[in-house]
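This report refers to the structure that appears directly beneath it.
Bear in mind that the values here come from a model prediction, so they are computed numbers and not experimental data.
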Amino acid sequence: MQQRSTARAARLLVSGAAVAVALSVSGPAAAQAPLPEPAPPAPGAPPVLERSLYKTLVFEGATNAIDLLLFSSILGGHIYGGPAFLAVNASAAMAMYYGHEVAWGYLGPPEAEYDLKDNLLKGITFRLASSTRAFAVGLGFTGNPVVAGGFMVGSAVGETVVYVANEYGWAFYDDLRRADAAGPVRTISANWQGAPPNR
């Protein structure tokens, strides 16, 4: 019985991952007309693949903790099933998130030029791909579409908060790096610090 449900989970996971990757790759490509020449990266910026890996590790560390809590509460998972769930969920989520980031890194506008429309489109394509993955994993582990839907909704709420924080955190980091590369930091004058003025 356990082997049959594991095989079913694996089949659902593979099909869900295929849909998620297709959505993450086709979303930005379909939204863009002719692709402009990519802008050169900011000084000291990591290449797209490396940057996407860093973002993936930060994002997935937080969201897999949330999904593990959901597994034990919504899916009614047991302690012995936790490692299997975590392995399947984390690997599918990391592959999907990394593929989405790489697709947007190459096909989307440069990060520094994102506007509200770009941020919304990127968030929507990610949400569609990630919700498909969460539903497939939930269905694979429970066989119950209602419970899998509950897991998908719970995961979507937690992931959305982490996703927005991760995007803005990396944008803030990029701004700091650009300001650092632009020139030396100005020092505060001694007068402002309270030292007596030189006469």
Side-chain angles (χ1 to χ4, degrees), residues 9 12-33 35 48-49 51-71 73-75 77 85-142 144-174:
L12 288 170
L13 179 61
V14 169
S15 62
V19 169
V21 170
L23 284 172
S24 66
V25 171
S26 67
Q32 298 289 326
L35 295 175
V48 169
L49 297 177
R51 176 189 174 77
S52 297
L53 178 62
Y54 296 150
K55 288 182 77 174
T56 301
L57 293 175
V58 171
F59 177 78
E60 291 303 329
T63 57
N64 275 289
I66 294 169
D67 284 350
L68 193 55
L69 290 173
L70 291 171
F71 171 71
S73 58
I74 293 178
L75 297 182
F85 169 80
L86 193 57
V88 170
N89 188 59
S91 53
M94 286 183 78
M96 190 277 310
Y97 184 90
Y98 185 73
H100 185 262
E101 280 299 313
V102 169
W104 272 88
Y106 283 118
L107 303 174
E111 294 262 348
E113 296 176 15
Y114 275 22
D115 58 11
L116 181 61
K117 181 185 75 109
D118 295 323
N119 281 329
L120 285 175
L121 184 59
K122 185 178 181 187
I124 289 169
T125 57
F126 172 75
R127 184 74 271 133
L128 289 172
S130 186
S131 291
T132 303
R133 175 209 48 86
F135 183 79
V137 169
L139 189 62
F141 274 86
T142 65
N144 184 335
V146 174
V147 175
F151 174 68
M152 178 184 73
V153 170
S155 182
V157 170
E159 277 189 356
T160 300
V161 171
V162 176
Y163 184 83
V164 170
N166 194 40
E167 289 295 308
Y168 280 102
W170 278 92
F172 179 72
Y173 169 76
D174 289 340

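- Looking at every heavy atom in both residues, Leu49 comes nearest to Tyr98 through O-OH, 3.2 Å.
- Under the 3.5 Å distance criterion, the side-chain polar atoms of Tyr97 are left unmatched by any main-chain donor or acceptor of Leu57.
- If you take OG on Ser131 and CZ on Phe151, they are separated by 10.5 Å, rounding to the nearest 0.5 Å.
- If you look at Phe126 and Phe59, their ring centroids are closer than 6.0 Å.
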Quiz prompt | side chain to side chain contact (heavy atoms under 4.5 Å, CB included) evaluation trace for Val48 with Trp104 | solution = CA-CA 9 Å; Val48 169; Trp104 272 88; over 6 Å; no
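- Once rounded to the nearest 0.5 Å, the distance linking CG of Leu53 with CE of Met94 reads 7.0 Å.
- For the pair Arg127 and Tyr163, the minimum side-chain heavy-atom distance is 4.5 Å or more.
- Taking the side chain as every heavy atom from C-beta outward, Phe85 and Asp67 approach each other to under 4.5 Å.
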Practice problem: Could you walk me through whether Asn89 and Arg133 pass side chain to side chain contact (heavy atoms under 4.5 Å, CB included), step by step? | Solution: CA-CA 8 Å; Asn89 188 59; Arg133 175 209 48 86; 2.5 Å; yes
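- Between Pro109 and Asp118, the shortest heavy-atom distance links the atoms CG-OD2, 3.5 Å.
- To the nearest 0.5 angstrom, Thr125 atom OG1 is 10.5 Å from Leu120 atom CG.
- Across all their heavy atoms, Ala148 and Gly138 have their closest contact at CB-C, 3.6 Å.
- Put simply, the side chain of Ile66 does not reach to within 4.5 Å of the side chain of Glu159, judged on heavy atoms.
- Between the OG atom of Ser155 and the CG atom of Leu69 there is a distance of 11.5 Å, given to the nearest 0.5 Å.
- Panel note: side chain Asn166, backbone Val162; no donor-acceptor pair is recorded below 3.5 Å.
- Residue pairs that meet the salt bridge (Lys or Arg N to Asp or Glu O under 4.0 Å) test with at least one member in residues 92-105, sequence neighbours left out, are Lys55-Glu101, Glu101-Lys122.
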